[in-house]
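One structure is given below, encoded as structure tokens.
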Amino acid sequence: MMKSKPLCLSLLITLVSLFTVHSQSFAQEEAIRLAVAANLLSPMQQLKEKYESQYQNKLILIPGSSGKLTAQIMNGAPYDIFLSADMMYPNKLLKEGYGKGKVEIFTKGKLVFWSKKEIDKPLKDWLNQSHVKSVAIARPELAPYGRRARGWLQENKLWGKIKGQIIYGESIGQVNQYIRSGAVDAAFTAVSARHAPELRNRGHWMEIENSTSATECLNHGLLVLQQAKASQAGIQHFLLFLRSEDAQQLLQNFGYEKVN
């Protein structure tokens, strides 16, 4: 019994040393590269500041439409984690061998509508009038929010009527640039735009009710990539942060819904 105390103390010192060396190694490794759906860029910029101020590791954000980021990943882009605006793209990547583990839902987004002019009646009726000359949406074949916008217009029998007035953005980020510059009369975009400091006081906003399949909440998917270069310890550390109350509250501040 007398000899076990030094042995326990020695074991404890060894574990502490290993943890310290591991933490230092993690802190000194390259930054974590995040392929981020464009609708998430504003909240992710704030999350990046919060994460980097609390921990030594760095985050690099690569924004784009979920479809374009998926194509880049399949062509070997050196990203560590994919944050998609839907589940379809990360599930496709996982199925084809580009991911590790499973696809997780980390937040839920909504489709919103923006206009230069006040929206003084139900959106369907308002759009049915011909005073709107240009409506921006993200390309449906690349961006989940663009696909949802087209779906809502089709379900409300407006697609054929305003198809000729639609201005396409390569991503929600480009749609938001159109709003910021005043290049279009109206736009369908993600809920985060309504809460972004640079956009929330521009024009008029309307949240589209979740009354149709086209406007149900969009589950946003997360996938750790097979070609990840950052350490697994660093990646898992960031994922814990993303699931934390602080991070989830920040996403809610931008209109996203918490995952149960």
Nearest 0.5 Å please: distance from the [atom1] atom of [X] over to the [atom2] atom of [Y].
| X | Y | atom1 | atom2 | value |
| --- | --- | --- | --- | --- |
| Gln165 | Leu127 | CD | CG | 9.0 Å |
| Leu93 | Met88 | CG | CE | 10.0 Å |
| Ile172 | Ser42 | CD1 | OG | 11.5 Å |

Flag if over 12 foreign heavy atoms under 6.0 Å of NZ, Lys121: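 Buried by this count: over 12 neighbours within 6.0 Å.
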Crowding at NZ, Lys163 (>12 non-hydrogen neighbours, <6.0 Å):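 No, NZ of Lys163 has 12 or fewer neighbouring heavy atoms, counting only those of other groups under 6.0 Å.
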Pairs where residues 189-205 contributes a residue and the test side-chain hydrogen bond (donor to acceptor under 3.5 Å, both in side chains) is met, not counting sequence neighbours: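 Applying side-chain hydrogen bond (donor to acceptor under 3.5 Å, both in side chains) to every pair that reaches into residues 189-205, excluding sequence neighbours, yields Asn176-Thr189, Ser192-Tyr256.
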Short N-O contact, Arg147 and Asp86, less than 4.0 angstrom: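 A salt bridge is present here (some side-chain N lies under 4.0 Å from a carboxylate O).
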Sidechain N-carboxylate O distance under 4.0 Å for Glu245, Lys258: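 Yes.
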Residue pair Gln174 / Tyr168, side-chain donor-acceptor N/O under 3.5 Å: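 No, no side-chain donor-acceptor pair sits under 3.5 Å.
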Give me the atom names and distance for the closest heavy-atom approach of [X] to [Y].
| X | Y | value |
| --- | --- | --- |
| Ala149 | Ile137 | CB-CG2, 4.0 Å |
| Ser66 | Ala37 | OG-CB, 3.6 Å |
| Leu69 | Ile62 | CD2-O, 3.8 Å |
| Tyr145 | Lys110 | CE2-O, 3.3 Å |
| Lys48 | Leu59 | NZ-O, 2.5 Å |
| Leu94 | Gly101 | CD1-O, 3.7 Å |

Donor-acceptor under 3.5 Å ([X] side chain, [Y] main chain):
| X | Y | value |
| --- | --- | --- |
| Asp185 | Lys133 | yes |
| Ser65 | Lys68 | yes |
| Gln226 | Gly99 | yes |
| Ser244 | Ala247 | yes |
| Ser84 | Gly221 | no |
| Glu257 | Gln252 | no |
| Arg33 | Pro78 | yes |
| Asp80 | Lys229 | yes |
| Glu207 | Phe113 | no |
| Gln227 | Ala77 | yes |

Ring geometry between Trp152 and Phe188 (parallel below 30°, tilted from 30 to 60°, perpendicular above 60°):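 The rings of Phe188 and Trp152 sit tilted, inter-plane angle from 30° to 60°.
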